[in-house]
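These notes are about the structure you will find just below.
One-based numbering along the sequence shown.
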Amino acid sequence: MNAASDINAVVAGARRQGLGDLLRRSAARVPDKTALVWRERRESFAELDAAVNRVAHSLADRGVAQGDRIALYSHNCREFVLLYFALARLGAISVPINFMLTADEVAYILGHSGAVGFIAEDALGVEAEAAVKQLGDSEIRLFGWIGSNGLPAPAGWAEVTAWDDHADASEPDVFVGDDDPVQLMYTSGTESRPKGAIMSGRGLIAQYMSAIVDGRMTADDIEVHALPLYHCAQLHCFLTPDIYLGATSILLPGPDPATLLRTVETERATKLFCPPTVWLSLLRHPDFDKYDLSSLRKGYYGASIMPVEVLHELAERLPGVGLANFYGQTELAPLATVLTPEDQLTKPGSAGRPALNVETRVVDDDDEPVGVGVVGEIVHRSPHAMLGYWNDPAKTAEAFRGGWFHSGDLGIMDADGYLSVVDRKKDMIKTGGENVASREVEEVLYQHPDISEAAVVGIPHPHWIEAVIAIVVARDGTAPTAESVQAHCKAQLAGFKVPKFVTFVAALPKNPSGKILKRELRTEHAHLADPPR
């Protein structure tokens with residue numbers, strides 16, 4: 001190494017800005033402030049920082065090195081947070097996995113990512129072991145077991161809890177560059193198999209700044225995190241920005257309404273993110289009005305548009321809460337646009353305007369901007385954007401054509417610059433905040449021996465906001481039932497992907513070129529989720 005490269009390395013070290021640095025700086029600023037609350041345990045920023053270092057050394061002792069992919073398969077828990085930051089400090093790449101996926105789906109992600117480590121929670125142990133068995137020969141050499149529920153680790157799996165007992169609490173000496181990959185976030189997208197979005201520290205931190213500024217977040221926030229951390233919304237719009245700011249995070253294993261309401265009251269929480277389905281579950285809880293929720297000041301929703309009547313009800317029953325809509329997608333880490341509290345009722349149904357570090361356009365099929373009120377594809381230009389899709393240069397080039405990231409969503413921009421999402425270009429369905437690719441469900445339906453044709457669409461639903469439904473043409477001489485079709489899907493798909501309604505028709509509507517007219521299907525079958533008269 002010559003003198004010039006030596007000084008370049010020194011300067012780069014002095015200018016470092018990675019995920020691990022965010023926690024260390026907060027620990028230096030507010031060492032004694034509560035950083036994380038998990039069950040009965042309350043940790044200060046200094047304690048959390050030291051615990052992350054011990055776990056990082058434990059991982060390094062087990063051979064984890066910079067660039068390694070380590071899969072995290074867990075419900076929300078303290079160990080997930082420690083591992084996420086510890087891997088970032090080692091320059092390893094975390095691969096969060098949706099805990100609702102089937103063993104087949106988990107095995108695909110493990111294999112596609114080339115994971116060398118697989119860390120699973122005991123509650124998901126059966127699926128985890130089935131995925132490993134199904135994967136067969138693989139690169140995995142490290143198996144970690146998170147014993148959140150007290151279940152013993154199977155043979156060959158190491159207890160992760162013990163990794164926090166490492167003697168060395170110093171920070172590992174690893175330099176992670178701004179654009180080095182730090183995470184693979186898998187998204188179903190619009191394909192039959194998920195794609196791995198490669199996230200860098202620079203992209204994530206740019207997104208944190210947008211979330212902090214446009215979400216009006218401060219170090220005084222006390223936030224309850226109940227939605228899953230495997231999902232980029234809770235992890236990257238809320239938990240990590242809180243760590244960055246030095247705010248307090250209360251971690252729950254899931255969004256149980258009673259537990260959420262009780263936690264907001266007892267912790268005097270000021271901030272809460274929920275998709276519309278969870279806000280609805282809170283409002284409909286019989287004890288909602290018995291809890292003291294007066295500490296709440298900031299509320300956030302995303303994944304789906306909030307029904308206007310629900311916005312009115314939230315304003316009436318939580319008058320001190322300013323609501324904001326965060327719209328985006330995994331490939332943008334995920335924030336793209338924000339609808340502020342002041343705009344909730346003046347621009348109902350809107351996704352808002354571009355966030356601080358985002359430019360957004362609506363374009364035609366030639367990637368030319370369309371006029372006000374004209375439907376086109378939503379595209380973005382932002383440092384939030386992923387580095388590309390893992391091992392898929394063709395799809396990366398397609399997504400970034402023309403120097404803009406193509407969302408696949410169709411939208412309209414109004415005269416004031418507010419975006420409204422009107423459709424999904426490739427029939428993505430968002431049910432309960434989760435993405436479902438219609439093509440993936442259709443491929444499973446076509447494996448049913450009694451099905452001749454099938455189409456999957458989303459329709460409005462009073463609880464799930466959008467429900468997956470299947471419109472099916474039976475093979476001649478057969479008589480499949482809705483129950484048999486759903487059972488067939490349950491055997492191969494995560495529960496949230498299984499059609500909630502199955503209806504049978506003589507033929508599917510098609511245009512002259514043979515394309516199924518899904519817009520007609522949505523309209524014709526929209527009544528399926530109507531409440532009984």
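Between the side chains of N76 and Y230, no donor N or O sits under 3.5 Å from an acceptor N or O. If you check the side chains of Y84 and T240, you find a donor sitting under 3.5 Å from an acceptor. Residues H380 and E331 bring no donor and acceptor atom of their side chains to less than 3.5 Å of each other. Looking only at atom types and distance, the side chain of D220 has no donor-acceptor partner in the side chain of T218 under 3.5 Å away. One side chain, R29 or S26, offers a donor N or O that lies under 3.5 Å from an acceptor on the other. Neither side chain, H461 nor T431, offers a donor N or O lying under 3.5 Å from an acceptor on the other. Side-chain contact annotation: T340 with R353, donor-acceptor N/O pair under 3.5 Å absent. Side-chain N/O atoms of Y186 and E105 include no donor and acceptor closer than 3.5 Å. Under 3.5 Å, the side chains of H231 and N98 contain no donor-acceptor pair of N or O atoms.
Counting heavy atoms from C-beta outward, L184 and I198 have side chains that approach closer than 4.5 Å. Side-chain contact check for I471 versus H525: some heavy-atom pair is nearer than 4.5 Å. Using a 4.5 Å heavy-atom threshold, the side chains of L335 and Y327 count as separate. Between P334 and Q207 there is a side-chain heavy-atom pair separated by less than 4.5 Å. In this structure, the side chains of F405 and Q329 come closer than 4.5 Å at one or more pairs of heavy atoms. For the pair W38 and P253, the minimum side-chain heavy-atom distance is below 4.5 Å. Under the 4.5 Å side-chain criterion, counting only non-hydrogen atoms from C-beta, L272 is in contact with L260. Side-chain contact check for E121 versus C77: every heavy-atom pair is 4.5 Å or farther apart.
The pair E267-R42 counts as a salt bridge, with a side-chain nitrogen and a carboxylate oxygen less than 4.0 angstrom apart. Between E313 and R284, at least one side-chain N (NZ, or NE/NH1/NH2) sits under 4.0 Å from a carboxylate O, which counts as a salt bridge. One finds no salt bridge joining K518 and E524 here, because no Lys/Arg side-chain nitrogen approaches an Asp/Glu carboxylate oxygen to under 4.0 Å. Salt bridge E342/R216: present, at least one basic N to carboxylate O contact under 4.0 Å. Ion pairing between a basic and an acidic side chain is recognised when a charged N comes within 4.0 Å of a carboxylate O; K497 and E434 show no such pairing.
Between F326 and F238, the ring planes are parallel. Angles under 30° get that label, and only those over 60° would be called perpendicular.
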Derivation and outcome, side-chain contact (heavy atoms from CB on, under 4.5 Å), residues W404 and V363: CA-CA 10 Å; W404 292 74; V363 301; over 6 Å; no
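Counting all heavy atoms, side chain and backbone alike, P509 lies closest to E520 at CB-OE1, 3.4 Å. Smallest separation of non-hydrogen atoms from V441 and V436: CG2-CG1, 3.7 Å. A27 and D49 get closest at one heavy-atom pair: CB-CB, 3.8 Å.
Annotation: cation-pi geometry satisfied between K347 and Y418 (NZ/CZ under 6.0 angstrom from ring centroid, within 45° of ring axis). Cation-pi geometry between K395 and Y389 is not met: the NZ or CZ atom fails to fall both under 6.0 Å from the ring centre and inside 45° of the normal. At least one cation-pi condition fails for K195 and W390: the charged atom is not both under 6.0 angstrom from the six-membered ring centre and inside a 45 degree cone around its axis.
With respect to R202, the salt bridge (charged side-chain N to carboxylate O under 4.0 Å, His left out) criterion is satisfied by exactly one of D178, D21, D179: D179.
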